[in-house]
Number of protein chains: 2
Amino acid sequence: MRTARGRDGSPSMVEVAASAGVSVGTVSNALNHPHRVRPATLAKVHAAIEQLGFSRAENRPARTNPSMVQVATVAGVSVGTVSNALNHPEQVRPATLARVRAAIEQLGFTPNANARSLAGGESRTIGLVVVDLGNTLFVDIARGAQREAAARRESLLVTNSDRDDAQQDAHLDLFESARVRGVVLAPLSDPFAGIQRVRRHGTPLVVVNYDDGRQDCCTVLVDNERVGYLAARHMIDLGRRRLAWVSELNDLQPVRERQAGVRRAVREAGRGVDLVELDTEGVGENHGDHVVEEVLALPARRRPDALVAVTDILGVSVVEALQGAGLSVPEDIAVMGCDHDARAWGGAVPLTTVRLEGEEMGAAAVRLLAAEVEEGIDHVHRRVVVQPSLLVRESSAGRAPR
Amino acid sequence: MRTARGRDGSPSMVEVAASAGVSVGTVSNALNHPHRVRPATLAKVHAAIEQLGFSRAENRPARTNPSMVQVATVAGVSVGTVSNALNHPEQVRPATLARVRAAIEQLGFTPNANARSLAGGESRTIGLVVVDLGNTLFVDIARGAQREAAARRESLLVTNSDRDDAQQDAHLDLFESARVRGVVLAPLSDPFAGIQRVRRHGTPLVVVNYDDGRQDCCTVLVDNERVGYLAARHMIDLGRRRLAWVSELNDLQPVRERQAGVRRAVREAGRGVDLVELDTEGVGENHGDHVVEEVLALPARRRPDALVAVTDILGVSVVEALQGAGLSVPEDIAVMGCDHDARAWGGAVPLTTVRLEGEEMGAAAVRLLAAEVEEGIDHVHRRVVVQPSLLVRESSAGRAPR
DNA sequence: CTGAAAGCGCTTACAG
DNA sequence: CTGAAAGCGCTTACAG
């Protein structure tokens, strides 16, 4: 078993505690708040400290990183050569390189990125400000951005604005003051102000998942029209003929676009396929109930045989309400959602959905950022539209034969 | 409507596109890949560019942040005074302060945090390395850490190691090279190597959600024994008498501890309450089926009336399997999970669970880090155990009367 | 291939 | 209360 020793081999508090026959917490108190410890115990602890030669100073070394000057001294070269060994090793004689690397290893040298960025005038980190890490889509975006950044030998730093505009601004400023190479923003609402905030400094910026229609910066978007189209088309392909679009009727861009896609699929299908649009007055976990009442109130021949919900959360809610009313899914009514939201994965009937490909979105954002950095003054903002994909599960297609 | 103009009022590509009657993409192509654009269109775009006085250089200003020297010049003071205005405003005469602030505002000055950290020798950002952002617990931890950091006027930067030790190491090094004030690590597995990696530089470090038993650093832990105890105790309080512990039988610390808590609750309940322990051979989405078969195979008088699953994911799986077998939850058998995992929120029957209080854990970690920074050489590592709490929902208590 | 020196944008004693 | 100057730890031309 490894024992808990300081790097110089001095005993740790764990060993003191063991030797004194008390808990580590008691040792801590004995050192910091001796009045909280009974005199007898205090004596035992001090005896153990004495015996083991324990010293707090050795136990927790002061924070100190060796600098390039020290590396240079140990290696017997100049600071410039250490820098070259780090950044342009091909320009350094192999023997020298070896000496420098040995010194780096020996001292445990970790370059100071702040000094590096200051002197070199560039940073290799990208900042990602995300509206809600509780939503799977944004975790996927972060994952994809991370992957693409790593492939380009850049680091990704994430920040969660948690649906708060003030935090979002603070995080944009944070990355600006860190002089990151660029910022990816997945905003809560119209990011106009945020964009200005970043761009007035000329910092490259990519906005993800929000189309402000202005093209002030590069953008990565979901083709939401296609989300709706894929969903409705799937139901039609399964032979369903009376579709219902289940959504809150609001003006949010993604909602409108998905609805348009559903309508197009129904239109393309021609006669024989109908569409009814049902308002849930909300997209929360319980908003399925209301819609299901509406569905059941319809005369049998007009009752839909397929429900497409605007989100997975809503879709799950609808499935539950249907089952609660004694209907079976998908036999009586097929149901699906949109988003591929992990919070909807636990349902009684696995929900068919349209997946948004967050990882691809995150990766595309980092690629756009890299392009903007490379192209410099010649850069022209682009928009990338990531295509969603259908994910068929039981709520539409039924249980696969085993 | 706001129009998309550069900060100097020059026209944007959007306006060029509108004026030429083409899409923004076409303008982009006309500028960057003229051969892709038909000559007639090209002419229209160039005419519009001519007419509007559009210039790419103005459209995307080169990246340039004003420095304190420029602020000082505009304000008519020295650089040191600007610095004081920023960091020790109480030491600056009000009139001077106002001039400096006006200059900062006018120039859009954002201090360079790298230079600041280098000169001042300290940073106000904390790094959080998290094992899996897809798991709600860690998102909650990040949220709590963020909140506590903000309250202390520090920034939190998050990194997702995505269950990959190599990434975890890379992220620890990243934060080390950024000379952050301290690091919070929620590790995948035994973090011994990672801890050494950070601590050899004396960087403050707090480990969350992993008890390595060595006390080399401050730690924030869940009381997993109590997780199990609360769960079993809840079932017993509801009048259930034949409990089953449903879990993969493995040696993971949290699993062992939760099991111990369940046993203690049953023991305390005395005669009349039994416990059977069922092995799921996995904790995935489908591992409930196997256990339910086992349950149904038991003679009626030994069949459990309450199942406690080690995780929510498993709990949801168990509920589904029971319902699939025609049993009702909680009437025939009450079920609950542990973790309060958002991925289990969509189930047909809302799952009773024991919540891990991730936000509190994240906040506690930042507090420990702050204490370590303040106490310096006198710091002694502490461990904070965060108490879980019971969250009662339908799967154990049934539907609340409406 | 290597070294000496300037400079990145700040903060912090220290004078005044 | 304000300014001049040193220095944080690097990178980058420029000499040699």
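In the text below, chain A, chain B and the rest are named by the order of the sequence lines, each starting its count at 1.
Residue A:Q91 contributes atom CD, which lies 14 Å from atom P of C:dG3 at whole-angstrom precision. Rounded to whole Å, the distance from CG on B:N84 to P on C:dG16 is 18 Å. Distance, A:L86 CG to C:dT2 P: 15 Å, rounded to whole Å. Spacing between atom CD of B:E122 and atom P of C:dC10 amounts to 16 Å, rounded to whole angstrom units. For the pair A:R179 CZ and D:dC10 C1', the computed distance is 17 Å after rounding to whole Å. Computed from coordinates, the B:E90 CD to D:dT2 C1' distance equals 15 Å when rounded to whole Å. Rounded to whole Å, atom P of C:dG9 lies 16 Å from atom CD1 of B:I104. Summarising the geometry, the separation between CG on A:N114 and P on C:dT11 is reported as 13 Å, rounded to the nearest angstrom.
Comparing atom distances between the A:A119 side chain and each of C:dG7, C:dC10, C:dT12 picks out C:dG7 as nearest. With distances taken from any side-chain atom of A:T96 to the nucleotides C:dC1, C:dG3, C:dC10, the minimum falls on C:dC1. Side-chain proximity of A:S78 to the nucleotides C:dG3, D:dT11, D:dA4 is greatest for C:dG3. With D:dT12, D:dT11, D:dC1 as the choices, the nucleotide that has an atom nearest any side-chain atom of B:R93 turns out to be D:dC1. Checked against D:dT11, C:dT11, C:dG9, the side chain of B:N112 finds its nearest nucleotide in C:dG9.
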With side-chain contact (heavy atoms from CB on, under 4.5 Å) as the test, would you mind laying out the steps for A:V198 and A:F175 before giving the verdict? CA-CA 9 Å; A:V198 176; A:F175 285 135; over 6 Å; no
Worked verdict on A:E105 versus A:R101 for salt bridge (Lys or Arg N to Asp or Glu O under 4.0 Å): CA-CA 6 Å; A:E105 182 66 24; A:R101 286 183 171 160; over 6 Å; no
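The distance from atom CE of B:M361 to atom CG of B:N209, rounded to the nearest 0.5 Å, is 4.5 Å.
If you check every strand for non-hydrogen atoms under 4.0 Å, B:V77 touches sugar and phosphate atoms only. When heavy atoms are screened at a 4.0 angstrom cut-off, B:G80 is found touching base atoms of the nucleic acid. The residue B:N87 sits close only to the backbone: its heavy atoms come under 4.0 Å of sugar-phosphate atoms, none of a base.
Residue A:V207 comes nearest to A:C217 through the heavy atom pair CG2-SG, 3.6 Å, listed as atom of the first residue, atom of the second, then distance. Looking at every heavy atom in both residues, B:R99 comes nearest to B:A75 through NE-O, 3.0 Å.
A 4.5 Å side-chain heavy-atom check between B:T159 and B:L128 finds every atom pair outside the cut-off. Taking 4.5 Å as the limit, some side-chain heavy atom of A:L133 sits within range of a side-chain heavy atom of B:L133.
Heavy-atom nearest nucleotides on DNA chain C were determined for A:T81 and for A:L118, and the one closer to the 5' end corresponds to A:T81. Positionally, the nearest nucleotide of DNA chain D for B:P94 lies more toward the 5' end than for the other of B:P94 and A:S83.
Of the side-chain N and O atoms in A:H88, one or more sit less than 4.0 angstrom from OP1 or OP2 of D:dT12.
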Could you summarise the pairing of DNA chain D as dot-bracket text, marking Watson-Crick and G-U pairs under 3.5 Å with ( ) or [ ] inside the strand and | across strands? |||.||||||||.|||
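Paired with B:E372 under the rule salt bridge (Lys or Arg N to Asp or Glu O under 4.0 Å), one option of B:R199, B:R382, B:R367 passes, and it is B:R199.
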